[in-house]
Protein chains: 2
Amino acid sequence: MKERLTDAAMDLIWENSYGATSVDAICDRAGAKKGSFYYFFKSKSELAAAALEAEWRKRRSDMDRIFSPTVPPLERLDRYFDYVHDSLAERQSKCGSVLGCPLLTVGSEISTQDQVLRNTVDRILDQKISYFVSAIRDAHAQGLISAPDPKAKARALFACYQGTLTQARIQNDVELIRNFKEIALDVLGARHAPATS
Amino acid sequence: MKERLTDAAMDLIWENSYGATSVDAICDRAGAKKGSFYYFFKSKSELAAAALEAEWRKRRSDMDRIFSPTVPPLERLDRYFDYVHDSLAERQSKCGSVLGCPLLTVGSEISTQDQVLRNTVDRILDQKISYFVSAIRDAHAQGLISAPDPKAKARALFACYQGTLTQARIQNDVELIRNFKEIALDVLGARHAPATS
DNA sequence: AATCGTCTAGACTGATCGGTCAACTATTTT
DNA sequence: AAAATAGTTGACCGATCAGTCTAGACGATT
């Protein structure tokens, strides 16, 4: 039941927005009643945080596989962006819109109003960035790119990736994710190196 | 009166979110009553679109000045990011948070629900990008960077800038905007050129 | 059988929401 | 001066909202 609620919440919040998603709608979607909702979660905000964590947990094993140290560093990023593109394209075929990243939309929406939820967003984003950090550190160690400060470079790349996700959502254009690879190479300074592809 | 309403709406929507901003709160802030609100605007959505347009109109003259063709191309971008940093820092000192860009937060929040408002966001963003396009085209023409497709490069840079704005809002850290300059140079491929700074 | 713990149900609460509308005031036009 | 227009007011509307709470069902344990 708990999972049904977090899944339903994730779908609705991702598709619309946190504020536009009502507890009633979540319950309808989950096939639950309000009493059950409040049995498991103290509030809508607590559910949203749980939904983001649950979604992250599901995605993490995919990321572990894609970013495995056995995969060449730049190829990890290349595959990851393909993975994200394919995920968003599939979700688009189901609900008609490119939805971008829920961490960004929720984070952006509630950042000045709900510090608990915002901390959840921050924490998960940090974990996502750590995959980028290790890929970039490895690429630097292998002489594929120059990134003396892998962390800063990872944050830069991540910001660009985030911006592209937001743009894709606003413009409802999933191909922007695919095009992002060129940008990523620029940020990494790997544009003129015979790596990737 | 109409301006007081658009100003109030802009402040509240920027600071919180579109959904979390009520018509009552906007009227309170503007020193108006509901009847007046609905005399001037058909709906909350129409007011939000008008508020974004009004804000853009106010900013455009600043952008015209900063991106004037009499200013060296890369310096236009440099100055613009300083301008944005200073604006956000000032707004932060007033309300306690880094607010990022209202076009992004509103666009992201309502992109699947209100097509009129989304089109307004899209239109304004396109106009903002055109400043980037011309600066990059000029920089390419002057041999400062290599950007055979100025439009694509401008879109890439803009996406990165957007991602940084969103990050700054979620993390409430305005210095990310300042740090963005390094990223911009990477995206432009101007990192190793003796330009800017 | 009684008790306990877990979970479900749904009526209910007070507040808030976007929007409506008749009455009124102030200014402009005829 | 009268009429028309522009603008203001705020009570009101039905709907929705997050959350509360009591009652009940069910399974496990004593």
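Just so you know, these numbers come straight off a predicted model, no measurement behind them. Here is the naming used below: chain letters follow the sequence lines, and residue numbers restart at 1 for every chain.
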| message | Less than 6.0 angstrom from the centroid, inside 45 degrees of the normal: does A:Lys2 satisfy that with respect to the ring of A:Phe37? | response |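 Cation-pi check for A:Lys2 and A:Phe37: fails.
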Checklist line | Ring-face cation contact, B:Trp56 with B:Arg123, 6.0 Å cut, 45° max | finding: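 Pair B:Arg123/B:Trp56 does not count as cation-pi.
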Q | Any donor-acceptor pair under 3.5 Å from B:Arg76 side chain to B:Val71 backbone | A | yes
May I ask you to say what [X] touches in the nucleic acid, namely base, sugar-phosphate or nothing, with a heavy-atom cut-off under 4.0 Å?
| X | result |
| --- | --- |
| A:Phe37 | nothing |
| B:Ser36 | base |
| B:Lys44 | sugar-phosphate |

Given atom [atom1] of [X] and atom [atom2] of [N], what is their separation to the nearest angstrom?
| X | N | atom1 | atom2 | value |
| --- | --- | --- | --- | --- |
| A:Lys34 | C:dT13 | NZ | P | 14 Å |
| A:Ile26 | D:dC17 | CD1 | C1' | 12 Å |
| B:Glu3 | D:dG7 | CD | P | 15 Å |
| A:Tyr38 | C:dT6 | OH | P | 21 Å |

**Prompt:** If you take atom types as modelled and just measure distance, does the side chain of A:Lys42 reach the base of D:dG19 with a donor-acceptor pair under 3.5 Å?
**Reply:** no
Taking for B:Ser45 and for A:Gly31 the nucleotide of DNA chain C with the nearest heavy atom, the one nearer the 5' end belongs to A:Gly31
The answer to which of B:Tyr39 and A:Ala20 contacts DNA chain D further toward the 5' end, by nearest nucleotide, is B:Tyr39
Under-4.0 Å side-chain N/O to phosphate OP1/OP2 contact, [X] with [N]:
| X | N | result |
| --- | --- | --- |
| A:Lys33 | C:dT8 | no |
| B:Ser43 | C:dG18 | no |
| A:Ser22 | D:dT16 | no |

Original post:
Among the clusters formed by ILVMFWY side chains lying less than 4.5 Å apart, do A:Val121 and A:Tyr161 turn up in the same one?
Top reply: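 They do share one cluster, since a chain of ILVMFWY contacts under 4.5 Å joins A:Val121 to A:Tyr161.
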